[in-house]
Amino acid sequence: MPSMDEELLARQAATAIAAAYEAYQADFRAITRRARGRFERCDWHGLQDDAVARLDSYRAHLDRLLVVLRRLLATRFTDRALWQSLRAHYAALIAARPDSELAETFFNSLTRRVFATVGVDAALEFVRVAAPSPVLPADTTVARRYHATAPDAPLMLRLLADVPWSVPYADLPGDAQRVAAAVTAAVQTRWGDLAISAVELLRPVFFRNKGAYLIGRVCRGAECLPLVLPLLHDAAGIQVDAVLLSEDEASIVFSFTRSYFHVDVDRPRELVAFLRTIMPRKPIAELYTALGYHKHGKTEFYADLLRHLHAGDDCFEIARGERGMVMIVFTMPSYDVVFKVIRDRFAEPKTTTRQQVMARYQLVFHHDRAGRLVDAQEFEHLTFDRRRFHPALLEELLTGAAQSVHLIGEQVHIRHLYTERRVTPLNLFVQEADEQAARRVVIDYGRCLKDLAAANIFPGDILLKNFGVTRHGRVVFYDYDELCLLTDCRFRELPLPRDDEEALAGEPWFAVGEGDVFPAELQLFLGLREPYRSLFHAHHADLFTVDFWQTMQQRCAAGELPDIFPYDECRRLRQP
């Protein structure tokens with residue numbers, strides 16, 4: 001039994017941790033709440049600055065807390081018995097919090113910093129084994145409920161008018177009519193008539209980049225249709241830009257290739273439960289992450305992975321596609337995620353370093369992903385049973401990534417890795433898909449490069465194998481070892497040879513500096529066979545010109561922020 005002095009010390013430390021978490025949450029929510037004013041003032045750069053500040057807030061608060069605890073606990077800073085008692089006191093302090101799951105993750109992040117925990121330490125950490133229930137409590141206050149028998153314009157007018165803004169709608173009655181027409185058509189298609197029981201709309205507004213989103217559902221008894229209303233704000237006022245009424249469309253809005261939302265909510269668990277009713281296939285981890293709770297998203301992901309491993313017996317194996325020169329990439333056939341471990345040495349012609357690769361993943365973490373960069377989660381000190389690894393994969397990990405992977409008895413310890421949602425490598429998709437699907441993604445591949453350029457990103461390596469295709473058919477980029485800011489590149493015309501000797505030279509006969517890019521040469525790296533090569537040229541020949549890239553650089557340097565919508569152009573209510 002701990003002594004009175006030990007109990008007092010544990011209680012004081014638990015109180016300090018709870019206070020640090022409260023300070024972090026206050027900071028997180030203060031930044032988040034600014035999004036409404038940013039949207040109303042069209043302060044898009046301010047919203048981007050807030051996004052970066054909010055991402056960095058978690059580590060900053062943990063760092064300050066560690067200083068406090070080192071001073072408070074002194075020689076007992078790593079005393080496991082004290083920390084077990086401390087954990088019990090902390091659990092009591094946060095038990096009544098509406099965001100207790102986030103407070104538990106904060107504590108786990110702290111203990112992993114203190115003890116460099118390998119795997120999971122159930123004695124020190126909060127471990128949620130059971131899957132969280134997606135059922136929304138009956139007494140929830142997270143959404144407004146509008147009882148109705150049909151999705152008519154007066155209902156939609158009331159729904160829109162109940163969202164408070166300090167600036168007016170450009171055409172509120174017209175928007176209500178347009179929303180009602182779209183919902184009516186979707187209800188008719190889904191259920192065969194116009195009878196509904198209610199429309200429910202989440203009270204918090206979701207902000208991201210230059211858009212705001214009203215999220216809800218159209219109910220008919222126990223069934224529902226997603227209802228997502230993207231809003232834009234320009235000189236004319238606020239206007240509804242689209243009406244999205246399918247699970248796929250909602251899922252793309254919450255995609256793992258998008259930056260995180262700014263949404264102010266007291267009870268995140270209830271909000272996630274509501275979102276799961278309209279996106280049942282979206283992992284809970286991704287929903288928490290999309291709300292900005294990326295640390296808790298990692299917690300939910302890891303818990304889900306452990307449940308998956310416990311429920312099945314399939315093995316990790318080398319992922320499909322060409323072997324990476326920088327990463328060893330593996331997956332499980334039954335789990336929709338890839339795991340990426342940095343190799344000890346990179347094959348030529350790669351000249352980058354491990355530190356540079358990690359810095360580029362940090363760049364992606366902080367940058368606007370524009371719907372084209374796959375979100376990567378970073379993990380340290382994970383352990384798995386040796387029997388869950390295919391022998392060929394384990395041998396490659398132990399020989400090619402010995403700095404990161406160790407075999408300890410029958411446990412595989414991975415010191416550092418990244419996880420990403422699994423997508424189909426673009427080169428394999430083009431080879432295996434039917435012609436219509438292949439043509440569609442080849443065209444979207446060019447759009448992907450242009451969206452990245454508009455977001456001030458140059459992939460570096462544009463080979464098809466470094467891009468993937470999501471289940472929604474969107475082309476995304478996932479190989480970041482040569483990625484850089486577009487404004488850091490120097491786009492040059494390819495010099496003409498002055499004689500036959502220069503024309504026939506196997507190596508460049510002109511000086512090439514770091515950061516030099518020759519757009520005319522990009523077509524050599526496409527790896528597209530006919531007729532797809534000609535198709536790409538027909539739609540995106542400008543990508544092979546210096547003018548295109550320099551123009552995009554100028555726009556980025558001038559602070560121009562692109563409009564990259566998480567829905568098809570044809571879904572916009574006002575066509576440009």
Side-chain angles (χ1 to χ4, degrees), residues 18-62 64 94 96-103 105-106 140-144 159-169 200-216 228-234 237-241 253-254 258-275 287-297 365-369 561 566:
Y21 174 70
E22 177 64 33
Y24 160 68
Q25 270 293 73
D27 190 26
F28 180 96
R29 295 189 67 178
I31 296 172
T32 298
R33 290 190 185 108
R34 292 205 291 260
R36 180 181 291 273
R38 304 281 195 200
F39 179 78
E40 291 171 337
R41 296 189 301 275
C42 299
D43 181 8
W44 315 129
H45 289 285
L47 189 56
Q48 279 198 336
D49 292 341
D50 284 347
V52 174
R54 200 178 67 166
L55 286 172
D56 291 337
S57 174
Y58 195 91
R59 176 175 288 275
H61 282 275
L62 271 183
R64 287 194 287 270
I94 66 169
R97 289 191 66 101
D99 60 354
S100 59
E101 75 275 26
L102 307 183
T105 288
F106 186 82
T140 182
T141 59
V142 74
R144 296 186 183 92
L159 181 148
L160 292 171
D162 280 350
V163 180
W165 300 107
S166 65
V167 292
Y169 280 93
E200 294 177 341
L201 193 71
L202 287 170
R203 294 178 185 276
V205 180
F206 293 62
F207 298 93
R208 184 176 63 202
N209 296 337
K210 296 163 72 174
Y213 297 80
L214 308 181
I215 311 291
V228 179
L229 303 178
L231 308 179
L232 300 181
H233 184 203
D234 59 19
I238 295 173
Q239 52 193 265
V240 180
D241 192 56
V253 169
F254 283 81
R258 299 281 170 184
S259 299
Y260 307 149
F261 282 109
H262 289 230
V263 50
D264 186 38
V265 59
D266 293 319
R267 301 177 179 274
R269 188 186 299 112
E270 288 189 15
L271 190 66
V272 167
F274 186 102
L275 294 172
L287 290 174
Y288 272 106
T289 300
L291 300 180
Y293 303 116
H294 62 281
K295 289 292 186 180
H296 189 69
F365 176 65
H366 285 93
H367 203 78
D368 176 23
R369 289 187 288 280
L561 299 179

I need the [X] [atom1] to [Y] [atom2] distance, nearest 0.5 Å.
{"X": "Leu275", "Y": "Phe254", "atom1": "CG", "atom2": "CZ", "value": "4.5 Å"}
{"X": "Leu561", "Y": "His45", "atom1": "CG", "atom2": "NE2", "value": "4.0 Å"}
{"X": "Gln239", "Y": "Leu160", "atom1": "CD", "atom2": "CG", "value": "12.5 Å"}
{"X": "Asp241", "Y": "Leu232", "atom1": "CG", "atom2": "CG", "value": "4.0 Å"}
{"X": "Asp43", "Y": "Lys210", "atom1": "CG", "atom2": "NZ", "value": "12.0 Å"}
{"X": "Arg369", "Y": "His367", "atom1": "CZ", "atom2": "NE2", "value": "10.5 Å"}

Who passes side-chain contact (heavy atoms from CB on, under 4.5 Å) against Arg203, sequence neighbours left out?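 For Arg203, the residues satisfying side-chain contact (heavy atoms from CB on, under 4.5 Å) (neighbours in sequence not counted) are Arg144.
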
Could I get the full list of side-chain hydrogen bond (donor to acceptor under 3.5 Å, both in side chains) partners for [X], not counting sequence neighbours?
{"X": "Arg59", "value": "none"}
{"X": "Tyr58", "value": "Ser109"}
{"X": "Lys295", "value": "none"}
{"X": "Arg64", "value": "His61"}

Residues Asp368 and Ser259: side-chain donor-acceptor under 3.5 angstrom: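 Present: a donor and an acceptor within the cut-off.
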
Residues Arg269 and Ser100: side-chain donor-acceptor under 3.5 angstrom: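 Arg269 vs Ser100: donor-acceptor pair found between side chains.
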
Between Leu102 and Phe28, is a side chain to side chain contact (heavy atoms under 4.5 Å, CB included) present by the stated rule, with each step listed? CA-CA 12 Å; Leu102 307 183; Phe28 180 96; over 6 Å; no

Side chains of [X] and [Y]: does their closest heavy-atom pair fall under 4.5 Å?
{"X": "Tyr260", "Y": "Thr289", "result": "yes"}
{"X": "Leu202", "Y": "Val265", "result": "no"}
{"X": "Leu47", "Y": "Asn209", "result": "no"}
{"X": "Pro268", "Y": "Glu101", "result": "yes"}
{"X": "Phe261", "Y": "Ile215", "result": "no"}
{"X": "Trp165", "Y": "Leu231", "result": "yes"}

So which heavy atom on [X] is nearest to which on [Y], and how close?
{"X": "Gly292", "Y": "Arg54", "result": "CA-NH2, 3.5 Å"}
{"X": "Pro566", "Y": "Tyr213", "result": "CG-OH, 3.3 Å"}
{"X": "Asp264", "Y": "Thr32", "result": "N-CG2, 3.6 Å"}

Chi angles and distances behind the side chain to side chain contact (heavy atoms under 4.5 Å, CB included) call for Tyr21, Asp99: CA-CA 11 Å; Tyr21 174 70; Asp99 60 354; 2.8 Å; yes

Just to verify, what does [X] make a ring-ring contact (aromatic ring centres under 6.0 Å, His included) with, not counting sequence neighbours?
{"X": "His296", "value": "Tyr288"}
{"X": "Phe207", "value": "Phe39"}
{"X": "Phe365", "value": "His294"}

Determine whether a donor-acceptor pair (N or O, by modelled atom type, separation under 3.5 Å) exists between the side chain of Arg36 and the backbone of Pro164.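 Pair found, side chain donor or acceptor close to backbone of Pro164.
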
Judged by atom type as modelled, is there a donor-acceptor pair below 3.5 Å linking the side chain of Glu200 to the main-chain atoms of Ala143?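 Such a contact is absent between Glu200 side chain and Ala143 backbone.
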
[X]: what forms a salt bridge (charged side-chain N to carboxylate O under 4.0 Å, His left out) with it, not counting sequence neighbours?
{"X": "Asp49", "value": "none"}
{"X": "Arg34", "value": "Asp50"}
{"X": "Asp266", "value": "Arg29"}
{"X": "Arg208", "value": "none"}

Candidate pair Asp56 and His366, rule side chain to side chain contact (heavy atoms under 4.5 Å, CB included), full reasoning: CA-CA 9 Å; Asp56 291 337; His366 285 93; 2.7 Å; yes

After noting the C-alpha distance and the side-chain angles of Val228 and Phe206, does the key distance pass the side chain to side chain contact (heavy atoms under 4.5 Å, CB included) rule? CA-CA 10 Å; Val228 179; Phe206 293 62; over 6 Å; no

Heavy atoms of other groups near Arg267 CZ, more than 12 under 6.0 Å: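 Atom CZ in Arg267 is not crowded, with 12 or fewer foreign heavy atoms closer than 6.0 Å.
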
